[in-house]
Amino acid sequence: MDSIELQPVQCPVSLDNNNHHAENTSKKQVPVDNGGQHWVDGQEVNQESISLNVQNSIANKEMTCMVHRRRWMILIFLIFLILLVIGVSFAVCLGIHDDKDEKYDPALFELPRCFNGSFRLTNQIFIPDLLSPASNQSKALSSQLQEKLADLYSSSPALGRYFSSVEISDFRNGSVQAEYRLRFLMPLNNTELEQFTLSREMVYNVFRQSLYDQDPELNHPLYIHPASLDMQVGSVTSESRSGVLYW
């Protein structure tokens, strides 16, 4: 038999496929410099338009920042303006406000107006030494009570400027019954003060209200029973035996 010799078979390569691949490859390449034009993914892009877009983006960001800065500056300016207006208004009010009641000349207060009465100290035990104004017990208790009444009236918004002095004249039995005398000074020819501010009702109510506002500790030695308070309009010429506490 004759031997059969096998020849290798070569497959033909399609020129069309190679040409198409080469064409795609050539279109995706981006030259470094081609007169200001580039190919990106097969599309022509102008270098000038890229630069313009970048510049526009930067300009937009700068404009946005500028707008925000302006808004903050306007807000800060408004806050500062409001604070300035408040400060100026407050200063003007302090300068214009003139309380006539706060301006008075104590030297003009010459006319005395006196009140006297009594009250009971429920936590004091009466001793015979209290009957003598010269005794140490009488002097000590008188001094404490005079200081209490002086603080009461001198701190009163209505009566403080007119208050002059207070004195404890006598002590009597009955727990301890204390007699007091109040002295106020007012300007001459001022009937309004006598009828209203320095009336018996006003002076009495200030005293009584302070007694209701006392420390609730009922064992306090200077506790004055509110219901025991008595007051009348006193005589200007009467004198007392004990010392007077002036304020």
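The first residue in the sequence is number 1, and the count goes up from there.
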Shared hydrophobic cluster for [X] and [Y] (ILVMFWY, side-chain gaps under 4.5 Å):
X	Y	value
Ile127	Val176	yes
Leu83	Trp72	yes
Ile125	Tyr223	no
Leu121	Leu131	yes
Leu188	Phe163	yes

Give me the atom names and distance for the closest heavy-atom approach of [X] to [Y].
X	Y	answer
Ile168	Ala178	CG2-CB, 4.5 Å
Ser154	Ala150	OG-O, 2.7 Å
Phe115	Leu198	CZ-O, 3.2 Å
Arg120	Gly174	CD-O, 3.3 Å
Gly117	Gln232	CA-OE1, 4.1 Å
Leu222	Gln214	O-OE1, 4.0 Å

[X] [atom1] to [Y] [atom2] distance, which is reported to the nearest 0.5 Å:
X	Y	atom1	atom2	value
Ser175	Asn123	OG	CG	8.5 Å
Leu108	Met186	CG	CE	13.5 Å
Asn136	Leu141	CG	CG	12.5 Å
Asp151	Ser210	CG	OG	11.0 Å
Asn189	Glu194	CG	CD	11.0 Å
Met73	Met66	CE	CE	11.0 Å

> For Phe119, which of Leu145, Leu211, Asp230 qualifies under side chain to side chain contact (heavy atoms under 4.5 Å, CB included)?
Replying inline: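 That would be Leu145.
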Should [X] and [Y] count as side-chain neighbours, where that means a heavy-atom distance under 4.5 Å?
X	Y	result
Leu152	Val206	yes
Phe184	Ser165	no
Pro187	Leu193	yes
Arg71	Val67	yes
Ser169	Arg181	no
Val203	Met231	yes

Are any side-chain N or O atoms of [X] and backbone N or O atoms of [Y], one a donor and one an acceptor, separated by less than 3.5 Å?
X	Y	answer
Gln124	Pro221	yes
Ser138	Ala134	no
Ser135	Ser132	yes

> Just checking, any donor-acceptor pair under 3.5 angstrom between side chains of Lys139 and Gln144?
Replying inline: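 Looking only at side-chain atoms, Gln144 and Lys139 do not form any donor-acceptor pair under 3.5 Å.
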>> Between Gln209 and Asp213, is there a side-chain donor-acceptor contact under 3.5 Å, judged purely by atom types and distance?
In response: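 Asp213 vs Gln209: donor-acceptor pair found between side chains.
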>> Test of understanding: with ring-ring contact (aromatic ring centres under 6.0 Å, His included), list the residues that count as partners of Tyr162, not counting sequence neighbours.
In response: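 Residues passing ring-ring contact (aromatic ring centres under 6.0 Å, His included) with Tyr162: Phe109.
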> Run the side-chain contact (heavy atoms from CB on, under 4.5 Å) check on Leu159 and Met202 step by step: do they pass?
Replying inline: CA-CA 9 Å; Leu159 304 176; Met202 173 67 78; 4.0 Å; yes
> With ILVMFWY side chains joined below 4.5 Å, transitively, what does Ile86's cluster contain besides itself?
Replying inline: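 Ile86 shares its hydrophobic cluster with Ile82.
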>> One pair to check against side-chain contact (heavy atoms from CB on, under 4.5 Å): Arg113 and Leu182. What are the steps and the verdict?
In response: CA-CA 8 Å; Arg113 182 163 175 79; Leu182 302 172; over 6 Å; no
> When you look at Tyr153 and Val166, which way does the side-chain contact (heavy atoms from CB on, under 4.5 Å) test go after all the steps?
Replying inline: CA-CA 9 Å; Tyr153 280 108; Val166 57; over 6 Å; no
>> Tell me every residue that passes side-chain hydrogen bond (donor to acceptor under 3.5 Å, both in side chains) with Arg200, counting only those two or more places apart in sequence or in another chain.
In response: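 Listed in chain order: nothing, the list is empty.
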> Between Phe207 and Tyr180, does the ring centroid distance fall short of 6.0 Å?
Replying inline: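 Yes, the ring of Phe207 comes within the 6.0 Å limit of the ring of Tyr180, centre to centre.
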>> Using the rule given for side-chain contact (heavy atoms from CB on, under 4.5 Å), can you reason through Glu110 versus Leu185, listing the C-alpha separation, both sets of side-chain angles and the distance that settles it, and then say yes or no?
In response: CA-CA 6 Å; Glu110 300 175 357; Leu185 292 175; over 6 Å; no
